[in-house]
Structures are given as C-alpha cells and as structure tokens.
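The structure appears right after this line, and notes come after that.
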Amino acid sequence: MFLIFNVLAVPHSYSTLYAGRMYSLFLLFECGALSVLILIYLLFYRCARLIMEHARLKEHTQLLEMQMHQYRTLQDYMQQTKRLRHDFRHHLRLLSSLAGKGDLEGIRSHLAEYEIRMTENVPVNYCANGSLNALLAYYHGMAVQESIRTDMNINLPEPLTISELDLASLLGNLMENAIAGCRTLPEKDRYVCLTAEVRHQNSLYVVVTNSFDGIVRKGQDGYRSTKHSGKGTGLASVAAIAEKYHGSADFSNSGREFFADVAMKI
C-alpha cells in the first residue's frame, strides 16, 4: 500500500508541486504515510514478541504440569510404602506360620508377591535435574500407556550449562515425535530408544531411534508433517535449538526406523 501510494503520488509535472500549498501538502502526506508504515512495523514486532512470550509461557506451563504429575506419582508411592510398612508385621506372622509348617513353597510365593508389591509404581530417576526428570517420566508414562517399549540412557551434566527450557523443549519434541511414529504400528512392533550423553567434554549428543510404518513425506527443506501439509513443527524446533547452541540436528529413516541425531556445544 505504501509503494502504491508513492507511485500514485508522483506528479505528471513537477511544476505542480510549486502551485499554492501543494508542496507542503505533498510532504505532509508522505510523512503521514511513512508514520503509518512505521506504526504497522511496530505492531508486527509487538505481535511477534507476544506470540513468542505466549509460546514460552506455554512450555513453562507444560513443564509444571509434568512436574505436578511426577509429584503425585511420588506421593502415591510414599503412601503405598507407608501401607506396606504398616502391614509388615502381618507378613512376618504369616511367614513365621508357614515356616513352622515347613511350607517352603508358600514362603516363596508370598515373598514373590511381596516383592512385586514393593517394586510396583516405583518412580524412576532418569537424571538429577527435577524438571527434566519429570518430563522424561511423563513421556515414559505416555509410552507405557501406548504399549511402547522404551530404553532411556540419560547422562546430563549437573548443573546444566544450557537453558533448562531449551533442553526440555528439545527432548519433549523428540519424544513426542517418536511416540507419534510408534502409534502407526501394531503394539508388538513399537519401541523408542533415547540416549543423551556428554562426549568430548563440551558436546551433548542426543540420539533417538523409534519404529514407525515407514511412510514419510519429504520436501527440499527436509521432512514434512504427516498430520498437515506443512513442515513438521517439532523437528524444526529441534533444529533451531541445536543451531542456537552451535550444533546440528540430522533426521533420517531406514525402512521402518526413524533416527534423530542432535549435537550441541554446552
């Protein structure tokens, strides 16, 4: 619009500008149009800042929800162990009675059941960072619900030398993408392997391998989403975070396996 206004404002004869107040009006209109253009740029900038802030707050909220989920799991486990400790004397009496009768099979059976009760719903510590541990526990629980076999090997530096929110976003997007890929297969063929470790003292490597149905959509700019017509937002976010820390993110597939390899300077 600004360009069209300027083209239309070009006089057929420049002598027209010197007739009466035309020159002053011309300058006034030009300054007014420029002010409107600057105002539009400022509004765009403000909108972009608000969108980014909203995305950041959304990530914080999701992380807090995962931490709350982990906290509830810990509470349930503490209540369970409290009940088991309270009932322990009854188990001792039963074992003593079975031992008096010489019922070794009964003792073995009772001890096996008690061991299952003790290890049921035991919270797993994936790393020392509480927020990331809650996030990994959340996606592990989601994988269990989807009957996906998981293998996680996490070895992160403590304290973290990169943004906790960036690392949470990276791991969350990778796990979400992997679980979505597994859903395309029968339950018996679903698996996800996640490894995150520091190598060469200052480089963090994150590798995710997951099964999927082998169907991909690729363009010149990489893998495209199978959910919509555009590029996959999750993978693009992972690549942007890797680039932020002077690293790289490579995605590939072979048959029914999808690979995500991320390297970052920390």
Side-chain heavy atoms under 4.5 angstrom apart, residues restricted to Ile, Leu, Val, Met, Phe, Trp, Tyr: same cluster for [X] and [Y]?
X: V206; Y: I266; value: yes
X: L43; Y: L37; value: no
X: M175; Y: I162; value: yes
X: F29; Y: L3; value: no
X: L170; Y: V198; value: yes

request  = State, without any angle test, whether Y205 and E197 hold a side-chain donor-acceptor pair at a distance under 3.5 Å.
outcome  =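 Not at all, the side chains of Y205 and E197 share no donor-acceptor pair under 3.5 Å.
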
Please examine the side chains of [Y] and [X], heavy atoms only from C-beta on, and report whether any two atoms are closer than 4.5 Å.
X: T195; Y: T209; value: no
X: L156; Y: L167; value: yes
X: L135; Y: L171; value: yes
X: K58; Y: E53; value: no
X: D151; Y: Y191; value: no
X: S24; Y: L27; value: no
X: S203; Y: K265; value: yes

Return yes if some donor-acceptor pair links the side-chain N/O of [X] with the main-chain N/O of [Y] below 3.5 Å, else return no.
X: R190; Y: E146; result: yes
X: T184; Y: F212; result: no
X: S169; Y: L165; result: no

message = R49: which residues meet the side chain to side chain donor-acceptor pair (under 3.5 Å) condition with it, sequence neighbours left out?
response =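 If we apply the side chain to side chain donor-acceptor pair (under 3.5 Å) test to R49, skipping adjacent residues, the hits are Y45.
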
task = Run the numbers on I154 and L136 for side chain to side chain contact (heavy atoms under 4.5 Å, CB included), then give the verdict.
result = CA-CA 10 Å; I154 312 297; L136 292 169; 3.9 Å; yes

For H140, the option from L194, V192, T150 that meets side-chain contact (heavy atoms from CB on, under 4.5 Å) =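 Single side-chain contact (heavy atoms from CB on, under 4.5 Å) partner of H140 among L194, V192, T150: T150.
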
Between atom [atom1] of [X] and atom [atom2] of [Y], what is the distance when rounded to the nearest 0.5 Å?
X: S211; Y: D189; atom1: OG; atom2: CG; value: 7.0 Å
X: R46; Y: L42; atom1: CZ; atom2: CG; value: 11.0 Å
X: N210; Y: I148; atom1: CG; atom2: CD1; value: 8.5 Å
X: R183; Y: S147; atom1: CZ; atom2: OG; value: 11.5 Å
X: R256; Y: C182; atom1: CZ; atom2: SG; value: 12.0 Å

inquiry  = Can you confirm whether more than 12 heavy atoms, excluding those of L50, are under 6.0 Å from its CG atom?
reply    =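 Yes, enclosed.
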
query = Given the rule in the side chain to side chain contact (heavy atoms under 4.5 Å, CB included) test, do F259 and F251 qualify, once you have shown the distances and angles that lead to the verdict?
reply = CA-CA 6 Å; F259 309 100; F251 309 105; over 6 Å; no

message = Using the rule given for side chain to side chain contact (heavy atoms under 4.5 Å, CB included), can you reason through L28 versus E30, listing the C-alpha separation, both sets of side-chain angles and the distance that settles it, and then say yes or no?
response = CA-CA 5 Å; L28 182 64; E30 283 291 328; over 6 Å; no

Could you list the donor-acceptor pairs under 3.5 angstrom formed between side-chain atoms of residues 241-248 and any protein atom two or more places apart in sequence or on another chain?
residue : atom : partner : partner atom : Å
K244    : NZ   : D166    : OD2          : 2.7
Y245    : OH   : S163    : N            : 3.2
Y245    : OH   : D166    : OD2          : 2.7

Residue list, side chain to side chain contact (heavy atoms under 4.5 Å, CB included) with I40, at least two apart or on another chain =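 I40 satisfies side chain to side chain contact (heavy atoms under 4.5 Å, CB included) with V36, F44 once adjacent residues are dropped.
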
